[in-house]
Amino acid sequence: MQVRYFDHAGTTPLDPAVLEAMMPYLRESFGNPMSIYELGGRASAAVQEARADVAALINARPSGVIFTASGAESNNFALRGIALARQNEGKHIIVSKAEHHSVLNSARFLEKQGFIVTYLPIDGYGMVEPETLGKAITKETVLISIILASPEVGTIQPIRELAKMAKEKGIIFHTDAVAAAGQIPIDVKELGVDLLSLSAHQFYGPKGAAALYVREGLRIVPLIYGGIQEGGRRAGTENVPAIAGMGKAAAIARERLSHRIEYLRPLRDRLIEGVKKTDNVYLTGHPAERLPGHASFTVEFVEGEAMLLMMAAKGIYAASGSACSSKALKSSPVLLSMGIPSSVAQGSIVFSLGHENSTDDVEYAITEFSVIAKKLREISPYRGGWGGVEEAEKCIPKK
Amino acid sequence: MYSEKVMDHFMNPRNVGEVENPDGVGAEGNPTCGDVMKITIKVEDGKIADAKFRTFGCGAAIAVSSMVTEMAKGMTLDEALKITKESVANELDGLPPQKMHCSNLGADALKKAIEDYKSKHPQ
């Protein structure tokens, strides 16, 4: 059966040209970049070239790019590294409720270390309102971290405006751009951010390579101590093949970004229009300020994992934020923070498109989706309405 | 993640719907916390002549509902009351550990349906 892959927010396939760029460093050019002989020099040159390509993708200086092993590491590094570097100036941190677990759980770790954390509410679109941020800032605030675009609902935050508010008060601003990098244009100078996380496997690069951008002159405490790799800010022998792949993927993404966006937007809009033709299906996230390939919904009266399984049986691979589809058996905190009742959040489904998806893939997904939603609603006791579920909603606030 | 048998009962669920003029009705679960199952039974000569279900939930929840109604049909009420989460899971060639409790409500819903019948038909 033909596979139609709609989970690019989960991970993207490796671009064949990226694999090609990685191969020499898995084979003959296996040297350690720290070695002084030619073999090491070759590896070191690959890392520096990749650094320049990743920097160019976000309009940063190459020296501002620190390679890490994952988006989660970059986010941990940003939060913990800045909190520790600044703790003498204040111990208050602000993050939003739209953040990825790697930001939220880093914030929770810092709370245990004596920091005070404000979790900013988000609106029904998953957006942080600048006024809300303004009210949360105190004299003690040293760091603000707000996600650039949500992998769950696709919403793009007004980062420029939010970062400006931080700058005016001398507060460090980090944005998690893991879901956004390679998907939309990013310019760290224009955004005015001090730190930014990005990850290669979200834009057709390999897993195991990611980066944290750190503004020139900003002090950050390392997460990993050891040698002098990455300017002493991230020790450990470089994952040269993956880093070379990340560089190539960044170069390709930069070159084809506007093409990809132009291709994805109409495809996404057609998918949204088609899926919404089924009754009681709602778009989640912002209708306009959203990632070009991102289409996310709640489908009332059915559960997300059941939809995913039935779609997978038809070759359609998508994602869900439902409790049953997560290993932790908890509904997506982002959906709940947007005010979506948890019974409705159970029907979450997320399609994230990539440039290798065709119009035919989208039409096929729309048709199969309507059949599957109907089939599961036939089975559901709530076919026509939630009936007395309001009562049951009381079981939600278990924190 | 799921056994072939779970996938079969999920993709082709048996006994979906409600029996006409049910002798017993049982519901278990909560849609905000996980899954909901509703089972209706028809009782004749002390045996479960028919059983149907409706379920809101994941693949495991639907497969469990389908299996438990299949198991119960033809059983005496006492036999059916002996169906457990474990026996349903065994008949399905196992369930993933995280699904064992939250999605495995079939035996409980069936038990409630039988108790409902019994409360209406005191011996």
At a heavy-atom separation under 4.5 Å, does Ala60(B) approach chain A through its side chain, its backbone, both, or neither?
backbone
Nearest-0.5 Å distance that lies between atom CG in Leu309(A) and atom CE in Met1(B):
6.5 Å
Looking at Val16(B) and Glu378(A), what are the two nearest heavy atoms and their distance?
CG1-O, 3.9 Å
Please check if the number of heavy atoms outside Lys120(B) that lie under 6.0 Å from its NZ is greater than 12.
yes
Determine whether more than 12 heavy atoms belonging to other residues, nucleotides or ligands lie under 6.0 Å from atom NE2 of His101(A).
no
Hey, is the main chain of Ser380(A) close enough, under 3.5 Å, to the side chain of Lys38(B) for a donor-acceptor pair?
no
Please round to the nearest 0.5 Å and tell me the distance separating atom CE of Met307(A) and atom SG of Cys58(B).
12.5 Å
More than 12 foreign heavy atoms under 6.0 Å from NZ of Lys375(A): is that the case here?
yes
Within a strict 4.5 Å, meaning less than it, do heavy atoms of the Tyr382(A) and Arg54(B) side chains meet?
no
Crowded around Lys314(A) NZ? As in, over 12 foreign heavy atoms under 6.0 Å?
no
Glu305(A) and Lys99(B): which non-hydrogen atoms are nearest, and at how many Å?
OE2-NZ, 3.1 Å
For Tyr117(B), I'd like to know if atom OH has over 12 heavy atoms of other residues, nucleotides or ligands within 6.0 Å.
yes
Under 3.5 Å: donor-acceptor pair, side chain of Glu303(A), backbone of Asp35(B):
no
Separation between CZ of Phe56(B) and CG of Leu376(A), rounded to the nearest 0.5 Å
10.0 Å
Give the minimum heavy-atom separation between Pro31(B) and Trp386(A), together with the two atoms involved.
CB-CZ3, 4.2 Å
